There are 2 protein chains.
Amino acid sequence: MRLVIAECQVDYAGRLTAHLPMAKRLILVKADGSVSIHADDRAYKPLNWMSPPCSVTERPAEGAETEAGLTEVWEVRGRDGDTLQISLAAIHHDSSHELGIDPGLVKDGVEAHLQALLAEHPETLGDGWSLVRREYPTAIGPVDLLCRDPAGAYVAVEVKRRGEIDGVEQLTRYLDLLRRDPLLGDVQGVFAAQQIKPQARVLALDRGIACVTVDYDALRGMDRSEDRLF
Amino acid sequence: MRLVIAECQVDYAGRLTAHLPMAKRLILVKADGSVSIHADDRAYKPLNWMSPPCSVTERPAEGAETEAGLTEVWEVRGRDGDTLQISLAAIHHDSSHELGIDPGLVKDGVEAHLQALLAEHPETLGDGWSLVRREYPTAIGPVDLLCRDPAGAYVAVEVKRRGEIDGVEQLTRYLDLLRRDPLLGDVQGVFAAQQIKPQARVLALDRGIACVTVDYDALRGMDRSEDRLF
DNA sequence: GTTTTCATCTCGAAC
DNA sequence: GTTCGAGGTGAAAAC
């Protein structure tokens, strides 16, 4: 990985045409050839970038470029003929570092994991509830969980990390379908999430859907096999 | 902006829980307090990050941490109680740089601009064509351009930077509507883009929609008022 | 302030 | 290979 702090001007031509006026910025050149240009704010998104696969060619400034104060011109070529031209004026820092291949991110707490934990502990959703099956199939896709309450009535459960309106809409569509199945009889709905936004809760309750806020850490504590971190 | 190359382990807890095993990475701390951790590949997305507003606190490693080989522990706190803990073992590089406020990106060639240029030069789309109006309203949204050919027939034009299938579908819906309007009579369709993907072209032609590849630079050259770069 | 839409979205999985 | 949908989406515009 090469880190360069330099006065630079950048011109991108590809899906759109964009221009960065001359200013001091960070230029990152990674081992896969990819390039990104960062300002001194915003963690996530670079000002400009070129995703791999791409190639970088560097050349000294010539003629009018030199007169304009430039010292080097880098040209990055990507797929589809996208180009990123980086015109450097003054280089304040330039260092390279061997990093090796990253072992990669381990994600936990994704919706699938939450669903698995709830499937193992359906009593969290309601006393005496039992799991019928995960990913119960319908014509428009699988319902996250189908459970039964102690009276034998079916309950469709939609699981989200953060409960918003679209999740309620999704569950509503499933319920419409499930309720047409005479084998299931009346089906209740439960919207389960770690956090439920106020307007999602209002919409759910208006439609007779119960809301359950899930304590993820407590669920994890119930199941030792889930202790995969550390 | 502070650049740190270090052996580090990272733990994020917020919208999800994620863990990065110990490895050599780049840690970027920007002037707005935001933090991002990069591996040696991929230009766009960091492995982990904390968006501003957030605060970083640094402390020396203690007790068991020291025995585990750690030297420093950084804790980044964001909104909603999100936390990013960066445990550093060996620091290979650490430098800070004053960058100042970036003048910002100037975007050109966006769809709106392409549409404006074509509106000024409808003859680019077909000999003798004239513009009826931009953003011609329909019940499902405005059509980019409505033109007339020399024979007086109407032509609906959909403008995209890169022509893909969804653009053809969009134009098809507009044409369906426009053709029901007896005042317009038969309406032809034109799909105009800087680049048209083969499968989009096939679909368009199959539906009797003409495809026009637009030379953006040539269009810009026609209009001096558009010389906003440099 | 909240909500919706856009993005050079990126990225992975399903088909 | 293409298509679809999620993302710790982020960020800007609209309301």
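These numbers were taken from a predicted model, which means no experiment stands behind them.
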Novice: In whole angstroms, how far is the C1' atom of dT8(C) from the CD atom of Q85(A)?
Specialist: 17 Å
Novice: For nucleotides 3-5 of chain C, give me every protein contact, N/O to N/O, under 3.5 Å, one pair per line with atom names.
Specialist:
unit_1	atom_1	unit_2	atom_2	d
dT3(C)	OP1	Q199(A)	OE1	2.1
dT3(C)	OP1	Q199(A)	NE2	3.3

Novice: Report the residue (P52(B) or L105(A)) whose heavy-atom-nearest nucleotide on DNA chain D is the more 5′ of the two.
Specialist: L105(A)
Novice: In whole angstrom, what separates D82(A)'s CG from dA7(C)'s P?
Specialist: 16 Å
Novice: Find the distance D80(A):CG to dT2(D):P and express it as a whole number of Å.
Specialist: 11 Å
Novice: Give me the residues of residues 22-50 of chain B where at least one heavy atom lies under 4.0 Å from an atom of DNA chain D, by number, or none.
Specialist: K45(B), N48(B), W49(B), M50(B)
Novice: Using the ring pair (Phe, Tyr, Trp, His ring centres under 6.0 Å) criterion, which residues pair with W49(A)? Sequence neighbours excluded.
Specialist: Y44(B)
Novice: Quick one: L16(A) CG to dC9(C) C1', roughly how many Å, whole number?
Specialist: 11 Å
Novice: Under 4.0 Å from OP1 or OP2 of dG10(D): is there any side-chain N or O of R79(B) that close?
Specialist: no
Novice: I'd like the P distance from dC6(C) over to dG8(D), given in whole Å.
Specialist: 22 Å
Novice: What is the distance, to the nearest angstrom, from the OH atom on Y12(A) to the C1' atom on dA7(C)?
Specialist: 11 Å
Novice: Excluding sequence neighbours, so at least two apart, what forms side-chain hydrogen bond (donor to acceptor under 3.5 Å, both in side chains) with T172(A)?
Specialist: R207(A)
Novice: Mind checking the P distance from dG5(D) to dT8(C)? Whole angstroms is fine.
Specialist: 22 Å
Novice: Taking only residues two or more places apart in sequence, or in another chain, which ones meet K24(B) in a side-chain hydrogen bond (donor to acceptor under 3.5 Å, both in side chains)?
Specialist: none
Novice: How would you list, by chain and number, every residue that makes a ring pair (Phe, Tyr, Trp, His ring centres under 6.0 Å) with H92(A), sequence neighbours excluded?
Specialist: none
Novice: Suppose we screen for side-chain contact (heavy atoms from CB on, under 4.5 Å). Which residues come up paired with P53(B), at least two apart in sequence or across chains?
Specialist: R79(B)
Novice: Listed by chain and number, what are the ring pair (Phe, Tyr, Trp, His ring centres under 6.0 Å) partners of H93(B), not counting sequence neighbours?
Specialist: H93(A), H97(A)
Novice: For E135(A), enumerate each residue passing the side-chain hydrogen bond (donor to acceptor under 3.5 Å, both in side chains) test, keeping only those at least two apart in sequence or located in another chain.
Specialist: Q115(A)
Novice: Less than 4.5 Å apart, side chain to side chain, heavy atoms only: is that true for L70(A) and E72(A)?
Specialist: no
Novice: Measure from NZ on K160(A) to P on dT9(D) and round the result to the nearest Å.
Specialist: 11 Å
Novice: Whether R2(B) and D94(B) form a salt bridge (side-chain N of Lys/Arg under 4.0 Å from carboxylate O of Asp/Glu) is what I want to check.
Specialist: yes
